[in-house]
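Below: one structure, written as structure tokens.
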Amino acid sequence: MFTGFSPETIDFLWGIRMNNNRDWFLEHKKQYVDTLYQPMKELGAQLFEPFLQRQGDILKVSRIYRDARLHPPTPYKESLWLCIRQEVQWWAENPCLYFEITPEGASYGFFYWKPPTSVLETFRQRISAKPEEFLKLIRTTEAATGVPVTAQCYKRPKVPDSPALAPYFAWKGEISCTRTIEPGEALFGPQLEDEVRDFFEKLAPLYEYFNQYVV
């Protein structure tokens with residue numbers, strides 16, 4: 001059962017940022033497991049409960065060890081994350097619900113990092129055909145969460161028939177609706193699970209909408 005992160009969690013993350021080497025990590029491995037990795041696994045298990053009956057959804061919890069083939073030549077990451085997504089080859093091309101903790105605090109919500117060009121073209125066709133369906137989804141999501149849905153945009157986007165769709169025709173990637181938490185009472189304690197779960201529930205329609213394009 002998730003009982004929360006702690007100041008020791010943040011201490012460890014700052015420590016690994018300042019001492020990214022094997023000797024320091026081995027000296028603090030118990031702190032990593034007890035205050036960071038195990039709580040993250042427990043949080044993930046509880047957040048995933050509403051998704052257990054959904055076909056194709058999986059839970060992923062990262063590890064702190066870097067893949068030397070893909071990352072800079074430091075052995076450890078400076079953050080830990082979990083995500084709920086479809087079982088796909090590369091997560092970055094697919095929507096997810098995530099929670100990540102760093103030395104500065106935590107962030108969580110909906111994120112779609114690198115939608116393929118073909119997906120964005122299908123997306124534009126869909127919202128052109130059913131504009132009110134999509135606009136209502138955005139209004140409902142932003143009203144429920146109190147957070148805007150944002151994205152990285154093309155400098156020269158295609159122009160839609162409806163001016164109301166212009167901001168969304170410009171979307172290129174990093175589509176997101178997220179919250180951040182600084183280290184403190186909101187991050188340290190079991191109530192965090194309820195807050196993140198509630199946010200995920202409000203984001204579920206947005207997540208499901210973009211999962212239509214997963215192939």
Quiz item: Are side-chain heavy atoms of Tyr98 and Glu100 found at a separation under 4.5 Å?
Solution: yes
Quiz item: What residue pairs, at least two apart or across chains, pass ring-ring contact (aromatic ring centres under 6.0 Å, His included) with a residue in residues 8-28?
Solution: Phe12-Trp24, Phe12-Tyr32, Trp24-His28, Phe25-Tyr32, Phe25-Tyr65, Phe25-Tyr76
Quiz item: Is the Tyr154 to Phe169 ring centre distance short of 6.0 Å?
Solution: no
Practice problem: Let me see the working for Phe200 and Phe51 under ring pair (Phe, Tyr, Trp, His ring centres under 6.0 Å), right down to the final yes or no. | Solution: CA-CA 10 Å; Phe200 279 10; Phe51 296 84; 7.0 Å; no
Exercise. Carefully, step by step, assess Asn94 and Trp113 under the rule side chain to side chain contact (heavy atoms under 4.5 Å, CB included).
Key: CA-CA 7 Å; Asn94 296 270; Trp113 187 26; over 6 Å; no
Practice problem: Go through the structure and list residues passing side-chain contact (heavy atoms from CB on, under 4.5 Å) with Ser176, not counting sequence neighbours. | Solution: Phe111, Thr150, Thr178
Quiz item: Counting only N and O atoms by type, is there a donor-acceptor contact under 3.5 Å from the side chain of Gln31 to the main-chain atoms of Glu8?
Solution: yes
Quiz item: Looking just at side-chain N and O atoms, do Arg66 and Thr74 make a donor-acceptor pair shorter than 3.5 Å?
Solution: yes
Exercise. Give the minimum heavy-atom separation between Pro183 and Gly105, together with the two atoms involved.
Key: CD-CA, 3.8 Å
Practice problem: Carefully, step by step, assess Phe123 and Phe210 under the rule ring pair (Phe, Tyr, Trp, His ring centres under 6.0 Å). | Solution: CA-CA 8 Å; Phe123 164 69; Phe210 280 101; 5.5 Å; yes
Quiz prompt | side chain to side chain contact (heavy atoms under 4.5 Å, CB included) evaluation trace for Phe99 with Leu43 | solution = CA-CA 9 Å; Phe99 177 92; Leu43 176 61; 3.9 Å; yes
Practice problem: Over all heavy atoms of both residues, which pair between Ala106 and Leu187 is shortest? Give the atoms and the distance, please. | Solution: CB-CD1, 3.8 Å
Quiz prompt | Glu174/Lys114 salt bridge by N-O under 4.0 Å criterion | solution = no
Quiz item: So, the side chain of Arg17 versus the backbone of Thr102: is there a donor-acceptor pair under 3.5 Å, distance only?
Solution: no
Quiz item: If every non-hydrogen atom of Trp171 is compared with every non-hydrogen atom of Ile138, which pair is closest and at what distance?
Solution: CH2-CD1, 4.2 Å
Quiz item: Can you check whether Gly15's main-chain N or O pairs, donor with acceptor, with Asn19's side chain at less than 3.5 Å?
Solution: yes
Exercise. Any chance you could lay out the side chain to side chain contact (heavy atoms under 4.5 Å, CB included) test for Leu137 and Val149, step after step, and finish with the verdict?
Key: CA-CA 10 Å; Leu137 172 66; Val149 181; over 6 Å; no
Quiz prompt | Check against side chain to side chain contact (heavy atoms under 4.5 Å, CB included), Ile101 and Trp81 | solution = CA-CA 6 Å; Ile101 188 167; Trp81 52 259; over 6 Å; no
Quiz item: Between Asn211 and Gln86, does any side-chain donor sit less than 3.5 Å from a side-chain acceptor?
Solution: no
Quiz item: Below 4.0 angstrom, N of the basic side chain to O of the carboxylate: do Arg179 and Glu195 qualify?
Solution: no
Quiz item: Among pairs that include at least one residue of residues 158-173, which meet salt bridge (charged side-chain N to carboxylate O under 4.0 Å, His left out), considering only residues two or more places apart or in two chains?
Solution: Glu121-Lys158
Quiz item: Is the count of non-hydrogen atoms from other residues, nucleotides or ligands lying under 6.0 Å from Gln125 atom CD greater than 12?
Solution: yes
Quiz item: Should the pair Arg124 and Tyr168 be classed as cation-pi, given the thresholds of under 6.0 Å to the six-membered ring centre and 45° from the axis?
Solution: no
Self-check item: Closest non-hydrogen atom pair, Leu59 against Ala45
Solution: CD2-N, 3.9 Å
Quiz item: Is a side-chain donor or acceptor of Lys202 paired with a backbone partner of Thr141 at a separation under 3.5 angstrom?
Solution: no
Self-check item: Arg85 side chain vs Ile58 backbone, donor-acceptor pair below 3.5 Å
Solution: no
Quiz item: Crowded around Glu132 CD? As in, over 12 foreign heavy atoms under 6.0 Å?
Solution: yes
Practice problem: State whether the side chain of Thr9 and the backbone N or O of Thr35 hold a donor-acceptor pair below 3.5 Å, judged by distance alone. | Solution: yes
Quiz item: What is the minimum heavy-atom distance between Pro103 and Leu13, and which atoms define it?
Solution: CG-O, 3.7 Å
Self-check item: Glu193 side chain to Phe2 backbone, donor-acceptor under 3.5 Å
Solution: no
Exercise. Give the minimum heavy-atom separation between Ile175 and Pro115, together with the two atoms involved.
Key: CD1-CG, 4.2 Å
Quiz item: Looking just at side-chain N and O atoms, do Tyr108 and Thr180 make a donor-acceptor pair shorter than 3.5 Å?
Solution: no
Practice problem: Take the angle between the ring planes of Phe110 and Tyr112 and call it parallel below 30°, perpendicular above 60°, tilted in between. | Solution: perpendicular
Quiz item: Under 3.5 Å, is there a donor-acceptor pair between the side chain of Gln191 and the main chain of Glu185?
Solution: yes
Self-check item: Glu49, CD atom: more than 12 neighbouring heavy atoms under 6.0 Å
Solution: yes
